[in-house]
Amino acid sequence: MAAAPTENGQSRTWRLPSCLRSGYGLRHEADHPLDINGVLNPKLQPGDKSDGKNVQLSDLKVALVRRLATKGRLAWVSTSNEDLVDSLEAQLQLEVKPLRVEIMPEPDDEDQQTPKLGSVSRWLNKMEAEGGVDWDAIVWIDDALGADVQDWAHQYHQPVLLEKPGPEEGLTEAHVVAVQVFINDKDRDHAP
């Protein structure tokens, strides 16, 4: 397990289960919990009444998200309304429709530094319990990832990569390259 901050403040944390350290069983697929605001930063079209139907992603963000989708299944982890998410999906035209993580805070979540952590953790556990897991790593991209998420990542039973874009710029080429390197790394054992 390791947590290594990069020059621009991102944190990358991952852990490889011992059974996969030799590369056996590694499918190089990941689940990508992905935030929208602060990561994709869609812009409202002129005259939009902010119902989400007329939002637009930049061509660069569309290209970056499409590249992410080639490395695993996207899962929206956002409090954005359904119309906005539907509009983004229509623009992205992905081969596989992204999953949606329902953000439903529970009383135990009140003390968490990262508001979505409880919802994401419960969603992942539910997917595993239902047999809906077809990934062997987690890549969580969000502009609001606190120290509690790093603690969670250290304890999670699959490799985890955390990418924290700055909310002004959002998702960049560097984030997508970091994801690609992480997913393609057959020796993801970075434990001390």
Side-chain angles (χ1 to χ4, degrees), residues 1-39 68-69 71-79 98-167 171 174-192:
M1 246 180 302
T6 61
E7 292 174 20
N8 62 0
Q10 303 171 49
S11 292
R12 293 188 204 151
T13 306
W14 53 87
R15 186 183 91 151
L16 187 64
S18 59
C19 65
L20 296 180
R21 287 187 179 144
S22 62
Y24 297 111
L26 205 55
R27 290 190 321 269
H28 308 296
E29 288 278 331
D31 175 41
H32 302 314
L34 182 65
D35 187 23
I36 295 174
N37 296 319
V39 175
L68 283 175
K71 294 297 181 183
R73 183 88 184 254
L74 298 180
W76 300 121
V77 180
S78 177
T79 56
L99 301 169
R100 295 186 186 186
V101 179
E102 188 173 7
I103 306 299
M104 294 292 294
E106 292 186 0
D108 290 345
D109 299 345
E110 291 177 13
D111 295 333
Q112 293 178 338
Q113 184 181 7
T114 305
K116 298 174 190 171
L117 177 57
S119 294
V120 169
S121 181
R122 285 186 295 277
W123 179 77
L124 289 168
N125 292 338
K126 178 183 174 205
M127 293 291 288
E128 288 177 359
E130 293 174 352
V133 177
D134 59 355
W135 56 78
D136 57 18
I138 304 296
V139 175
W140 187 351
I141 305 172
D142 201 315
D143 66 312
L145 297 174
D148 55 349
V149 174
Q150 292 196 24
D151 292 341
W152 168 83
H154 280 294
Q155 297 170 22
Y156 198 69
H157 63 278
Q158 292 181 331
V160 175
L161 173 67
L162 301 173
E163 285 293 315
K164 185 178 178 180
L171 186 69
H175 299 115
V176 175
V177 168
V179 171
Q180 290 173 322
V181 168
F182 174 73
I183 298 302
N184 291 335
D185 185 359
K186 293 179 183 175
D187 297 314
R188 283 189 251 178
D189 181 14
H190 296 280

Any residue meeting salt bridge (charged side-chain N to carboxylate O under 4.0 Å, His left out) with E106, in chain and number order, not counting sequence neighbours: R122
Say you draw a straight line from [atom1] of [X] to [atom2] of [Y]; how long is it, rounded to the nearest 0.5 Å?
X	Y	atom1	atom2	value
I141	I36	CD1	CD1	12.5 Å
W123	N125	CH2	CG	11.0 Å
L145	L117	CG	CG	9.0 Å
W140	Y156	CH2	OH	11.0 Å
L171	E163	CG	CD	9.0 Å
S121	Q155	OG	CD	10.0 Å

From CA spacing to verdict: side chain to side chain donor-acceptor pair (under 3.5 Å), Q180, H175: CA-CA 9 Å; Q180 290 173 322; H175 299 115; over 6 Å; no
Side-chain touch F182/P159, heavy atoms, less than 4.5 angstrom: yes
Heavy-atom side-chain contact between W135 and M127 under 4.5 Å: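 In short, these two side chains touch, coming nearer than 4.5 Å.
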Exercise: identify the closest heavy-atom pair between T114 and A144: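 For T114 and A144, the tightest heavy-atom pair comes out as CG2-O, 3.2 Å.
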Minimal non-hydrogen separation, H32 against G72, with atom names: NE2-N, 3.5 Å
Identified side-chain contact (heavy atoms from CB on, under 4.5 Å) counterpart of D31 within the set V101, D136, I138, V120: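 Of all the options given, the one that passes is I138.
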Q113 side chain vs A147 backbone, donor-acceptor pair below 3.5 Å: yes
Of D148, D35, D143, the residue whose pairing with K116 passes salt bridge (Lys or Arg N to Asp or Glu O under 4.0 Å):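 Testing K116 for a salt bridge (Lys or Arg N to Asp or Glu O under 4.0 Å) against D148, D35, D143 leaves exactly one candidate, D35.
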All side-chain hydrogen bond (donor to acceptor under 3.5 Å, both in side chains) counterparts of D151, not counting sequence neighbours: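 If we apply the side-chain hydrogen bond (donor to acceptor under 3.5 Å, both in side chains) test to D151, skipping adjacent residues, there are no hits.
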Donor-acceptor pair between E128 and H157 side chains, under 3.5 angstrom: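 The criterion, which ignores hydrogens and geometry beyond distance, is satisfied for H157 and E128.
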